[in-house]
Amino acid sequence: MEREFDWKEDTEVFSAIEKERERQEDSTELIASENYVSLAVLKAQGSVLTNKYAEGYPGKRYYGGCGNVDTVEDIARERVKKLFHCRFANVQPYSGSTANMAAIRSLLQPGDRIMGMSVNGGGHLTHGYSLSFSGRDYDSKSYDVDKETFLLDYDAILQQARTFKPKLIVCGASAYSRAIDFKAFRRIADDVGAYLMADIAHIAGLVATGEHESPIGHADIVTSTTHKTLRGPRGGLIMTNDEELAKKIDKNVFPGIQGGPLEHVIAAKAVVFKEDLSSEYHDYIRQVVKNAKRMAEEFVSMGYKVLTGGTDNHLFLIDVLSSRNITGMACQKLLESVNITANRNSIPFDTQKPYVSSGIRIGTPAMTTRGFTEKEFVAIAHFIDEAIKAKDDLKRLDEIKEEVTRLNRQFPLPYEALK
Ligand SMILES: *Cc1c(COP(=O)(O)O)cnc(C)c1O
């Protein structure tokens, strides 16, 4: 029964992990939904809690030996409540998508009407997209942003809601750079007698620190991820102030959708929620927003078409096709060749297929974690512009890549101990 524990022997997997650590170290990470966790979060997630089965909830488990994981999950729930000033929290969802599935199932029966933001306008797949469970199990119609301003038009959404009469309205987005008016959404939902769900997967860190209005108290249910601006492990989260709904949510997460909770991930969530309650984290979020505003401004001054002209949060979109005659896909590839990671993104009413896209989405949370300020983000904006100008000049691209890498290495990741 000898068991080999020397992980260094499994070079196939561990060399890929090591290469990924190096890639993360050398690249400028601009994907708006990514971030770098602390060593404490990694340590909790890489802990022996992964060995434990704990179906159920603290104090009501279907397995023995759950005392320690009960402690951990209770701490995670208490910290979430403090962070978002809400009454009930479920920290078990494996991801933002399963959180949304459990939340929607707590409010709707199959076939009921749901109205969320279109994917093209910046919404998420789980808000009613045809290929998602949310568009297949429910009768879905999406609202869009305004054709001219690319902003949410609350009057138009109200008119659409009056016509469609949804039982649930979903607000929140993956690619919308302006503040969302949760009170306006509440008024629309009340007007048509619908529930309101707010998905703050992207802006959770801004909400937690008061840098964006909170939907708690306006939405019936609030969902989030924990790995984006909150800077925690990959996972989901559901919150409500309604006791009856809280019970339904718990049942819909387990046994409705999921089996055994990932207690090692829940421990990592607990760790990050404490980090997020600190004043350092609040300073970090303020810097994330300052950096995004400054970088968007720089692109505008270089003649790029930044959607809505700027940003209120941690991200913005650039229509690179109309700005510089390069598709989102080509731009993403080009940037990767100079060690800058961003993702192509459809822009509202895009003429290109989603796989190609006219835009790129840029976010500042990850590099702000590494210590980038406005100065470095402005430098990166110019590297991006130079790369686009030099798109067929391999020698120049190599030089840009070297300069980008040199800058990134001045802001190392806190993972020395892992080497
Ligand atoms: C990222 C995101 C999700 C889904 O999160 P996953 O963990 O990838 O499932 C849900 N909603 C919104 C608005 C998101 O941006």
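Whatever order the structure lists them in is the order used to number ligands and atoms, beginning at 1. Computed from heavy atoms alone, side chains included, the values below leave out hydrogens, waters and symmetry copies.
Screening residues 125-142 for salt bridge (Lys or Arg N to Asp or Glu O under 4.0 Å) gives R113-D139 as the qualifying pairs, with residues at least two apart or on separate chains.
Of the N and O atoms on the side chains of S174 and R361, not one donor lies less than 3.5 Å from an acceptor on the other residue. Side chains of E336 and Q332: no donor on one and acceptor on the other come within 3.5 Å. For the residue pair Q159 / D155, no side-chain donor-acceptor distance below 3.5 Å is found, with atom types taken as modelled. Under 3.5 Å, the side chains of D26 and N408 contain no donor-acceptor pair of N or O atoms.
Near ligand 1, S95, G96, S97, N100, H124, A173, S174, D199, A201, H202, T225, H227, K228 each place a heavy atom less than 4.0 angstrom from the ligand.
Residue F372 is tested with Y284, Y36, F377 for a ring-ring contact (aromatic ring centres under 6.0 Å, His included); the sole match is F377.
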